[in-house]
Amino acid sequence: RFASTKYDVVVIGGGPGGYIAAIKAAQLGYNTACVEKRGSLGGTCLNVGCIPSKSLLNNTHLYHQIKHDSKHRGIEIAGDVSVNFSTLMAAKDKAVKGLTSGIEMLFKKNGVTYLKGEASFVDEHNINVKPIDGSENLEVEGTNFIVATGSEPTPFPGIEIDEERIVSSTGVLSLKELPKRMSIIGGGIIGLEMASVYARLGTEVTVIEFQSAIGAGMDAEVAKQSQKLLAKQGLNFKLGTKVTKGVREGDVVKIEVEDVKSGKKEELESDVLLVAIGRRPYTKNLDFEKAGLELDNKGRVVIDSELKTKHDHIRVIGDVTFGPMLAHKAEEEGVAAAEYIKHGHGHVNYANIPSVMYTHPEVAWVGLNEQQLKEQGIKYKVGKFPFIANSRAKTNLDTDGFVKFLADAETQRVLGVHIIGANAGEMIAEAGLALEYGASTEDIARTCHAHPTLSEAFKEAALATFDKPLNF
Ligand code: FAD
């Protein structure tokens, strides 16, 4: 059925890591195939991750603004504003469909062969592909392999996911009806984004988090501010609390929690329980051991600094191996893997991978946070600028948050940037560029930024690390 069963590069997994690696390998002149078993390209990110969650976040934000934040802007709405839940979900599905089929077009354009099936290693040079249409298995030989099989939600011991009442991040993106009450185990990015979506729609949301702070990995000051603002939006937080039980009884979920410090127990009831305690690498049915690949104690495929396994011709990228589980990290590695094959060298700067939480306000950061700088004994200066003093934020009546720079105490080299505010996710790109080029805060403060923009707050926060800000 396919022109060839031997390829220069065989990519396993068609997520952001795999599909980008396949396109890049083809662009570099390799006869390339990408094997994907889901039936659509784009992996977790496009199908059940980044894209559907951002569709729901964007549209519920719009709804919330129209309903609760429009009158004082001079926008009068004649009738009642309400949500059609199934249309909201359909808009999300449309975005997903458009983007996933867009990758098929990109494959055609770049000459990548798309093998729809599940791959398992036969040995280090051959895989078996079990087509999803039930047709005969196919043996495919690869001169090089790039493994990008991604990740799956980490299960909570003793709590059974049915994707109806007790859901993972996949189920919560496709609920059939709007729940009245939702409990969420995990105050990380995925948990908080989903908490925002449903709270905006009127669901009573409770976030249960074992740690005493939300947003694992965030700068502590930013996390605190974010929690305060989310609480103001109606989210309930139970921090320092562990879940001991979660069972479905008919149409309700009964949850038992315990205060980590005092041991005090409490029972909660919810219509939906979301388990969002993290993700784990996915290597099911891959028969990785037949190719001699090794997993570490967290299930990650072991690789060296050039993304190589013990075989030079098998590289591994994205969520299934080390590093942050983020789509753009997987993509960077996808390009690097193809370039390593072609040129013998590639580049991913792991010290410069931005993180974004797409709540409102957004939270975005890159580089080191204050906790890490203290731990590492690095002397640093802080420069902060609040959006309340930024003309564009004031004009937009959207002034929550601040930009915070952490710069080397002596050289002013940018070490980390942490932003909480509208559009923080877009603004963080400038910080990434600064880190990549080893910029100092003075370099940024002396760069002309357009007025009136939120990015002027970025410039002034940089200035505040070594001089007085001008507008605050
Ligand atoms: P994946 O995207 O998981 O793709 C792996 C693919 O491999 C899958 O499609 C799978 O079907 C396929 N596969 C697995 N085994 C085989 C096999 N044996 N044969 C054939 N195919 C196989 N990241 C961000 O950067 N920004 C965000 O805003 C963001 N939001 C998220 C929201 C949610 C709700 C979730 C769950 C995740 C989010 N992420 C986000 C994380 C992001 O989705 C992942 O980091 C990213 O998808 C990892 O890409 P990957 O290519 O490594 O793996």
Side-chain angles (χ1 to χ4, degrees), residues 10-22 33-58 92 96 100 103 114-121 127-132 138 140 145-154 167-174 184 186 188-195 197 274-288 290-291 300-301 307 316-334 337 353-359 362-364 425 428:
V10 176
V11 180
I12 305 177
Y19 93 74
I20 287 290
C34 179
V35 195
E36 170 56 61
K37 71 182 171 105
R38 187 186 292 270
S40 82
L41 292 167
T44 303
C45 176
L46 273 75
N47 291 281
V48 289
C50 330
I51 296 302
S53 60
K54 265 81 260 180
S55 167
L56 295 180
L57 279 157
N58 184 64
K92 170 212 66 170
V96 168
T100 53
I103 304 173
Y114 174 19
L115 303 177
K116 292 186 191 177
E118 184 172 40
S120 51
F121 278 104
I127 56 166
N128 185 53
V129 177
K130 188 174 160 200
I132 52 176
L138 189 77
V140 176
F145 286 95
I146 299 174
V147 177
T149 50
S151 61
E152 61 178 354
T154 305
V167 297
S168 70
S169 60
T170 302
V172 81
L173 291 167
S174 293
I184 299 176
I189 294 183
I190 293 177
L192 294 173
E193 288 185 353
M194 288 303 108
V197 163
L274 164 63
V275 179
I277 56 167
R279 298 183 61 80
R280 63 179 186 189
Y282 182 84
T283 47
K284 204 171 156 198
N285 296 341
L286 184 64
D287 289 346
F288 58 87
K290 289 191 182 159
R300 299 173 294 197
V301 184
L307 309 168
V316 186
I317 60 171
D319 282 10
V320 75
T321 187
F322 310 123
M325 288 190 175
L326 291 167
H328 41 281
K329 175 264 193 187
E331 292 184 27
E332 290 298 303
E333 289 181 336
I353 293 173
S355 295
V356 182
M357 179 167 84
Y358 297 83
T359 48
E362 291 181 348
V363 176
I428 203 66

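Each ligand, and each atom within it, is numbered from 1 in the order the structure gives. Note: hydrogens, waters and symmetry copies are ignored here, and every other heavy atom, side chains too, is used.
Residues Thr321 and Val301 share a closest heavy-atom pair of OG1-O, 2.8 Å.
Interface of Tyr282 with ligand 1, defined as ligand atoms under 4.0 Å from a residue heavy atom, comprises 14 (C), 15 (N). Under a 4.0 Å criterion applied to the non-hydrogen atoms of Ile190, ligand 1 contributes the atoms 33 (C), 34 (C), 35 (C), 36 (C), 37 (C). Atoms of ligand 1 lying under 4.0 Å from at least one heavy atom of Cys45, given by number and element, are 2 (O), 43 (O), 47 (O). Of all the atoms in ligand 1, the ones that sit under 4.0 Å from a non-hydrogen atom of Arg279 are 36 (C). Within ligand 1, counting atoms from 1 as listed, the ones closer than 4.0 Å to a heavy atom of Gly117 are 19 (N), 20 (C). Interface of Gly17 with ligand 1, defined as ligand atoms under 4.0 Å from a residue heavy atom, comprises 51 (O). Distances below 4.0 Å separate heavy atoms of Met325 from the following atoms of ligand 1: 41 (C), 45 (O). The ligand atoms of ligand 1 that sit less than 4.0 angstrom from a heavy atom of Ala148 are 5 (C), 6 (C), 7 (O).
Inspection of the Asp319 and Thr44 side chains reveals no N or O donor paired with an N or O acceptor under 3.5 Å. With hydrogens and angles left out, the side-chain atoms of Lys92 and Ser174 include a donor and acceptor closer than 3.5 Å.
The 12-atom threshold is exceeded at NZ of Lys54, counting heavy atoms of other residues, nucleotides or ligands nearer than 6.0 Å.
Only backbone heavy atoms of Val48 (N, CA, C or O) come within less than 4.0 Å of ligand 1; its side chain stays farther off. Using a 4.0 Å cut-off between heavy atoms, Pro52 makes no contact with ligand 1 at all. Under 4.0 angstrom from ligand 1, there are no non-hydrogen atoms of Lys329.
In terms of polar-atom proximity, Tyr358 is not counted as a contact of ligand 1, lacking any N or O under 3.5 Å from an N or O of the ligand.
Of the possible donor and acceptor atoms, none in the side chain of Glu118 sits under 3.5 Å from a partner among the backbone N and O of Lys130. No donor-acceptor pair closer than 3.5 Å links the side chain of Thr100 to the backbone N or O of Leu41.
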